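Throughout, residue positions are numbered sequentially from 1 according to the sequence presented. Excluded from the calculations below are hydrogen atoms, water molecules and symmetry mates; all remaining heavy atoms, backbone and side chain alike, are included. Here the structure is a predicted model, which is why all the values come from computation and not from measurement.
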Amino acid sequence: MKSEVQTPTGARIEMRFAMMRASDIEQVASVEADAFPFPWTRGNFLDSLASGYPAWVMRAHDGRLAGYFLLMNAVDELHILNITVRPDLQGTGLGRMLLNKVMQLAREAGMKSVLLEVRPSNERALHVYRHVGFEQIGIRKNYYPAGAAGREDAIVMRLLLSD
């Protein structure tokens with residue numbers, strides 16, 4: 001699948017999706033470390049792949065990693081375990097592009113909904129999720145590590161898929 005996105009500088013970049021492979025993990029872990037104060041480890045990604053979780057990368061035409069996601073199928077619900085856009089490309093519509101791919105995969109698999117957790121402090125992601133149609137269905141107390149602050153709650157959100 002190919003899609004185009006416009007960067008903050010106005011340049012247009014063609015994006016391509018591919019299933020994540022072990023050979024992608026070094027780049028994925030590097031983007032993860034740049035994007036989050038408490039990133040997944042290389043081992044977390046490798047364990048997810050070894051467990052057979054659906055995982056995809058999105059790359060620019062030059063091969064540079066732009067984003068990725070990892071999913072878990074749970075009966076009739078698709079759970080987003082991790083979804084990330086490279087920090088210098090955030091705000092360009094790539095998050096929505098990743099979510100569109102997730103929703104396409106969920107529909108193809110016959111899922112009825114998509115579930116995710118997000119930090120309340122991740123306002124940019126919350127905005128994207130709400131804009132796409134996710135609704136808050138709960139809170140997981142003290143879910144995320146937060147350094148000196150201790151722990152941060154997670155907002156649990158769900159998107160119901162129409163047939």
Side-chain angles (χ1 to χ4, degrees), residues 1-20 24 28 31-32 34-40 44-45 48-49 51-60 65-146 151-163:
M1 175 182 157
K2 294 181 190 176
S3 299
E4 278 194 358
V5 68
Q6 187 169 349
T7 68
T9 63
R12 304 235 17 114
I13 301 174
E14 182 181 284
M15 295 292 164
R16 296 173 190 231
F17 283 94
M19 294 198 67
M20 188 183 294
D24 295 315
V28 167
V31 168
E32 180 82 1
D34 290 343
F36 299 109
F38 301 95
W40 276 31
N44 293 137
F45 288 107
S48 294
L49 287 182
S51 296
Y53 293 155
W56 290 75
V57 293
M58 181 174 57
R59 293 186 177 280
L65 183 69
Y68 51 88
F69 58 81
L70 291 96
L71 310 170
M72 181 176 68
N73 296 329
V75 187
D76 62 354
E77 185 165 70
L78 191 66
H79 188 163
I80 299 174
L81 300 175
N82 187 318
I83 185 166
T84 304
V85 173
R86 197 174 77 213
D88 64 315
L89 293 175
Q90 291 178 4
T92 62
L94 292 180
R96 192 166 305 148
M97 198 178 289
L98 287 168
L99 284 171
N100 286 342
K101 180 67 173 177
V102 168
M103 291 183 289
Q104 173 195 342
L105 293 169
R107 286 185 177 100
E108 288 172 359
M111 300 293 171
K112 294 183 180 177
S113 61
V114 178
L115 183 82
L116 61 81
E117 293 91 10
V118 60
R119 291 176 183 265
S121 61
N122 193 344
E123 294 177 12
R124 178 175 269 161
L126 278 166
H127 174 76
V128 172
Y129 299 144
R130 288 182 179 128
H131 188 269
V132 169
F134 280 85
E135 295 183 355
Q136 181 174 333
I137 61 167
I139 297 281
R140 295 193 202 284
K141 293 289 187 188
N142 301 314
Y143 187 75
Y144 292 111
R151 307 284 298 176
E152 184 176 5
D153 294 344
I155 296 173
V156 182
M157 303 183 86
R158 175 178 288 139
L159 174 70
L160 296 175
L161 299 171
S162 57
D163 294 329

Practice task
Examine distances only and state if a side-chain atom of R158 and a backbone atom of L115 form a donor-acceptor pair shorter than 3.5 Å.
Solution key: no
Handout entry: CG-CG distance between D88 and D34, expressed to the nearest 0.5 angstrom
Key = 8.5 Å
Exercise for the section: Identify the heavy atoms of Y129 and I83 that sit nearest to each other, and give their distance. Expected result: OH-CG2, 3.2 Å
Practice task
Kindly compute the distance separating CE (M111) from CD (E77), expressed to the nearest 0.5 Å.
Solution key: 9.0 Å
Completion exercise
With I155 as partner, the option from N122, L116, I139 fulfilling side-chain contact (heavy atoms from CB on, under 4.5 Å) is I139
Exercise for the section: Measure the spacing between CE of M103 and CZ of R96 and express it to the nearest 0.5 Å. Expected result: 9.5 Å
Practice task
Could you label the plane-to-plane angle of the F17 and F69 rings as parallel, tilted or perpendicular, counting under 30° as parallel and over 60° as perpendicular?
Solution key: tilted
Practice task
Name the orientation class of the two ring planes belonging to F45 and Y68 (parallel below 30°, tilted from 30 to 60°, perpendicular beyond 60°).
Solution key: perpendicular
Handout entry: Over all atoms of both residues, closest heavy-atom pair of P87 and A35
Key = CG-CA, 3.6 Å
Exercise for the section: Report the C-alpha distance between L71 and L81 in whole Å, list the side-chain angles of each, state the deciding distance to 0.1 Å, and finish with yes or no for side chain to side chain contact (heavy atoms under 4.5 Å, CB included). Expected result: CA-CA 5 Å; L71 310 170; L81 300 175; 6.0 Å; no
Exercise for the section: Inspect the surroundings of CD in E108 and state if more than 12 heavy atoms from other residues, nucleotides or ligands are less than 6.0 Å away. Expected result: yes
Practice task
Search all heavy atoms of R59 against all heavy atoms of L65 and return the closest pair with its distance.
Solution key: NH1-N, 3.5 Å
Handout entry: Test item: side-chain donor near acceptor, N44 and E32, under 3.5 Å
Key = no
Handout entry: Considering all heavy atoms, the nearest P54-N73 contact
Key = CG-ND2, 4.2 Å
Practice task
Count the heavy atoms belonging to other residues, nucleotides or ligands that lie under 6.0 Å from OH of Y53, then report whether that count exceeds 12.
Solution key: no
Handout entry: Over all atoms of both residues, closest heavy-atom pair of G95 and V128
Key = C-CG1, 4.4 Å
Handout entry: A154 versus Y143, closest heavy-atom pair with distance
Key = CB-CD2, 3.4 Å
Problem - Distance in Å, T84 OG1 paired with W40 CH2, rounded so as to fall on 0.5 Å steps - result: 8.5 Å
Exercise for the section: Under the side chain to side chain contact (heavy atoms under 4.5 Å, CB included) rule, what do R86 and L94 come out as? Steps first, then yes or no, please. Expected result: CA-CA 9 Å; R86 197 174 77 213; L94 292 180; over 6 Å; no
Practice task
State whether the side chain of E152 and the backbone N or O of Y144 hold a donor-acceptor pair below 3.5 Å, judged by distance alone.
Solution key: no
Problem - Verdict with supporting geometry, E117 and V156, side chain to side chain contact (heavy atoms under 4.5 Å, CB included) - result: CA-CA 5 Å; E117 293 91 10; V156 182; 4.2 Å; yes
Exercise for the section: Output the distance between atom CZ (R130) and atom CD (E135), rounded to the nearest 0.5 Å. Expected result: 10.5 Å
Problem - From M20 atom CE to W56 atom CH2, the distance as rounded to the nearest 0.5 Å - result: 11.0 Å
